[in-house]
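Please read the structure below before turning to the comments.
Quick note on labels: first sequence line is chain A, next is B, and so on, each numbered from 1.
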There are 2 protein chains.
Amino acid sequence: MELDVEPVARESTAGIIARQLRAAITTGSLAPGAQLGEAELANQFQVSRGPLREAMQRLVQEGLLRSEPHRGLFVVDLEPEDVYDLYAARTAIESAAAIRVIRADPRPVGELWTAHERMTSAADREDPAAVSDADLEFHERLVALSGSKRLARMMRTLMVETRMCLTALQRTYADVRERVSEHGAIIEAIAEGDERLATALLERHMEDAVRRLAPGTSLFTSRSEG
Amino acid sequence: MELDVEPVARESTAGIIARQLRAAITTGSLAPGAQLGEAELANQFQVSRGPLREAMQRLVQEGLLRSEPHRGLFVVDLEPEDVYDLYAARTAIESAAAIRVIRADPRPVGELWTAHERMTSAADREDPAAVSDADLEFHERLVALSGSKRLARMMRTLMVETRMCLTALQRTYADVRERVSEHGAIIEAIAEGDERLATALLERHMEDAVRRLAPGTSLFTSRSEG
DNA sequence: GATCGTATGATTGTCAACAATCCGCGGGTT
DNA sequence: AACCCGCGGATTGTTGACAATCATACGATC
């Protein structure tokens with residue numbers, strides 16, 4: 001009697017609320033710098049302040065919320081400095097993921113191409129929002145395919161912050177065609193097992209993104225300049 | 001009137017408790033798989049269950065605790081699979097950190113040599129515990145020097161897990177001299193600005209660590225074998 | 001008029017009691 | 001003997017109330 005079922009009731013209330021808070025931050029309905037009033041939010045979620053506070057502590061740990069004791073919890077606002085820190089962190093995670101994908105046997109590049117096609121078709125439809133979604137979906141998929149729990153967990157937080165950047169700066173960044181082709185090149189490098197090329201392309205891809213978001217600042221600027 | 005002071009009372013109760021819990025897990029006084037009884041712990045910390053639960057949620061988010069709703073919170077137990085996932089994640093973070101250190105101007109390698117000397121002297125004294133401490137201290141310092149908030153936050157969690165591995169497997173791993181020289185080579189590569197070499201050495205260093213901890217398993221094994 | 005002090009309202013932090021769920025044990029049945 | 005059922009204790013989840021702290025507005029003083 002070997003049922004392949006997954007445990008029921010596997011998520012705590014704090015986990016559910018945390019997920020929704022994360023979503024609210026992603027969409028921008030909780031804007032950067034905004035304070036999270038406990039009473040109000042508790043009412044919206046229809047729970048008391050206890051579970052809500054537990055959920056918020058999770059986001060504090062993630063770095064999505066900033067705690068000012070006896071004052072309140074606030075959505076972090078991303079300084080220019082954070083933008084490239086964020087993309088540097090993504091470079092670290094995604095490069096490592098790419099390497100793991102390359103070294104897997106067989107290489108699961110199929111799903112990458114699938115995500116890529118979604119992005120291409122969104123670009124053809126000239127649907128900027130869908131392009132951005134497919135874009136991020138691709139990067140998330142890459143990390144998921146690495147099979148690493150830890151990389152995946154870190155990536156989830158970084159994705160929220162990335163979306164924060166995009167909505168905060170009101171840019172579903174431009175140059176659609178360029179980004180599509182960059183993704184394609186990355187997948188090809190992965191498919192061919194060229195670790196050096198894949199990581200180099202990823203790094204360039206990130207630098208381009210930073211340039212598009214915050215002109216002038218670059219990834220890997222020395223701290224003495226920044 | 002420009003005082004360079006830091007805000008007072010900057011840490012919440014949940015943060016303090018979380019830090020102590022992390023320490024307890026690090027030292028092994030909270031062993032892998034152990035359940036965290038809320039009543040008992042609350043008594044030890046002399047707080048009520050509320051703040052304690054908030055602190056525990058932080059560790060859940062970190063992946064240091066596993067939540068089974070209505071049953072309790074448990075310290076994660078690291079499966080063999082987790083050991084190399086952990087070291088793969090560390091490779092990702094530390095390689096990225098090394099690159100950032102290399103690209104900084106000036107390259108802050110002094111602190112790395114300092115940490116390295118501490119490890120050397122501990123090795124000369126033949127003090128295994130001190131060697132392990134200095135070892136991890138070196139890796140933590142490397143990431144700190146990268147100047148990346150996000151890499152640093154991720155690293156903190158990974159360090160706790162690393163110590164869990166060491167104490168769980170009762171190994172302050174052997175081959176002291178080899179590890180010391182590996183660190184030295186890494187610092188030299190960083191000092192000379194050789195990114196390829198530095199990351200390659202770091203990766204080999206991690207693979208050696210995994211081999212020492214869990215013989216047979218290797219970093220970057222394909223999922224079809226594992 | 002500016003600054004300091006104070007009162008007041010609102011919000012966060014903490015707690016202890018209540019509700020819900022789980023675990024273990026004993027009794028009963030087949 | 002094996003299994004099911006249900007009860008009691010223990011633990012977790014949730015709640016509302018209370019204490020402490022913070023922000024704001026108002027008035028007093030120099």
Side-chain angles (χ1 to χ4, degrees), chain A residues 1-3 5-21 24-25 29-77, chain B residues 1 3 5-21 24-25 30-77:
Chain A
M1 195 145 119
E2 279 281 332
L3 298 196
V5 295
E6 64 187 76
V8 64
R10 73 208 162 291
E11 194 164 22
S12 68
T13 309
I16 298 172
I17 298 177
R19 194 152 37 77
Q20 301 209 29
L21 285 178
I25 294 177
S29 84
L30 278 177
Q35 180 169 9
L36 282 72
E38 298 185 357
E40 183 190 341
L41 275 177
N43 260 324
Q44 294 193 14
F45 285 115
Q46 283 297 310
V47 295
S48 80
R49 287 171 47 219
L52 174 65
R53 285 172 60 90
E54 293 178 11
M56 296 196 296
Q57 288 301 318
R58 289 205 189 188
L59 300 210
V60 169
Q61 177 62 37
E62 274 185 283
L64 261 30
L65 296 182
R66 162 176 50 92
S67 160
E68 295 189 13
H70 292 139
R71 207 159 307 175
L73 292 167
F74 303 81
V75 181
V76 294
D77 32 12
Chain B
M1 195 145 111
L3 300 194
V5 296
E6 62 186 78
V8 64
R10 74 207 162 293
E11 194 165 21
S12 69
T13 310
I16 298 172
I17 299 178
R19 195 152 36 79
Q20 300 209 29
L21 286 177
I25 294 177
L30 277 178
Q35 179 169 9
L36 282 72
E38 296 185 359
E40 183 190 343
L41 276 177
N43 261 324
Q44 294 192 15
F45 285 115
Q46 283 297 308
V47 294
S48 82
R49 287 170 48 217
L52 174 65
R53 283 172 62 91
E54 293 178 12
M56 296 196 297
Q57 289 300 318
R58 290 204 188 188
L59 301 210
V60 169
Q61 178 61 38
E62 274 186 282
L64 261 28
L65 296 182
R66 164 176 49 92
S67 161
E68 296 188 13
H70 293 136
R71 206 158 305 173
L73 291 167
F74 304 83
V75 181
V76 294
D77 33 10

Nucleotide interval of DNA chain D bounded by contacts with chain B (heavy-atom cut-off, under 4.0 Å): D:dT12 to D:dT14
How long is the span from the NE2 atom in A:His70 to the OG atom in B:Ser12, to the nearest 0.5 Å?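 A:His70 atom NE2 to B:Ser12 atom OG measures 9.5 Å (nearest 0.5 Å).
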If you measure from CD on B:Glu62 to CZ on B:Arg58, what distance do you get to the nearest 0.5 Å? 9.0 Å
Whether each nucleotide of nucleotides 5-12 of chain C has a protein heavy atom under 4.0 Å at its base (B), only at its sugar-phosphate (S) or at neither (-) is summarised, 5' to 3', as -------B
Between A:Arg10 and B:Glu68, is there a side-chain N and carboxylate O pair less than 4.0 Å apart?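 A salt bridge is absent here (no side-chain N lies under 4.0 Å from a carboxylate O).
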Below 4.0 angstrom from OP1 or OP2 of C:dG13, is there any side-chain N or O of B:Ser12? no
How would you list, by chain and number, every residue that makes a side-chain hydrogen bond (donor to acceptor under 3.5 Å, both in side chains) with B:Gln20, sequence neighbours excluded? none
Verdict with reasoning, B:Arg66 to B:Asp77, per side chain to side chain contact (heavy atoms under 4.5 Å, CB included): CA-CA 9 Å; B:Arg66 164 176 49 92; B:Asp77 33 10; 4.2 Å; yes
How far apart are the closest heavy atoms of A:Val76 and A:Leu65, and which atoms are they? CG1-C, 3.9 Å
Counting distance only, does the side-chain N/O of B:Gln46 pair as donor-acceptor with the main-chain N or O of B:Asn43 below 3.5 Å?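 Indeed, once roles are kept as given, a pair shorter than 3.5 Å links the two residues.
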When all nucleic acid strands are considered with a 4.0 Å heavy-atom cut-off, which category describes B:Gly50: base, sugar-phosphate, or nothing? nothing
List the atom pairs, donor and acceptor, that lie under 3.5 Å between side-chain atoms in residues 30-38 of chain B and the rest of the protein, sequence neighbours left out.
from    : atom 1 : to      : atom 2 : distance (Å)
B:Gln35 : NE2    : B:Arg71 : O      : 3.0
B:Glu38 : OE1    : B:Arg49 : NE     : 2.9
B:Glu38 : OE1    : B:Arg49 : NH2    : 3.1
B:Glu38 : OE2    : B:Arg53 : NH1    : 2.8

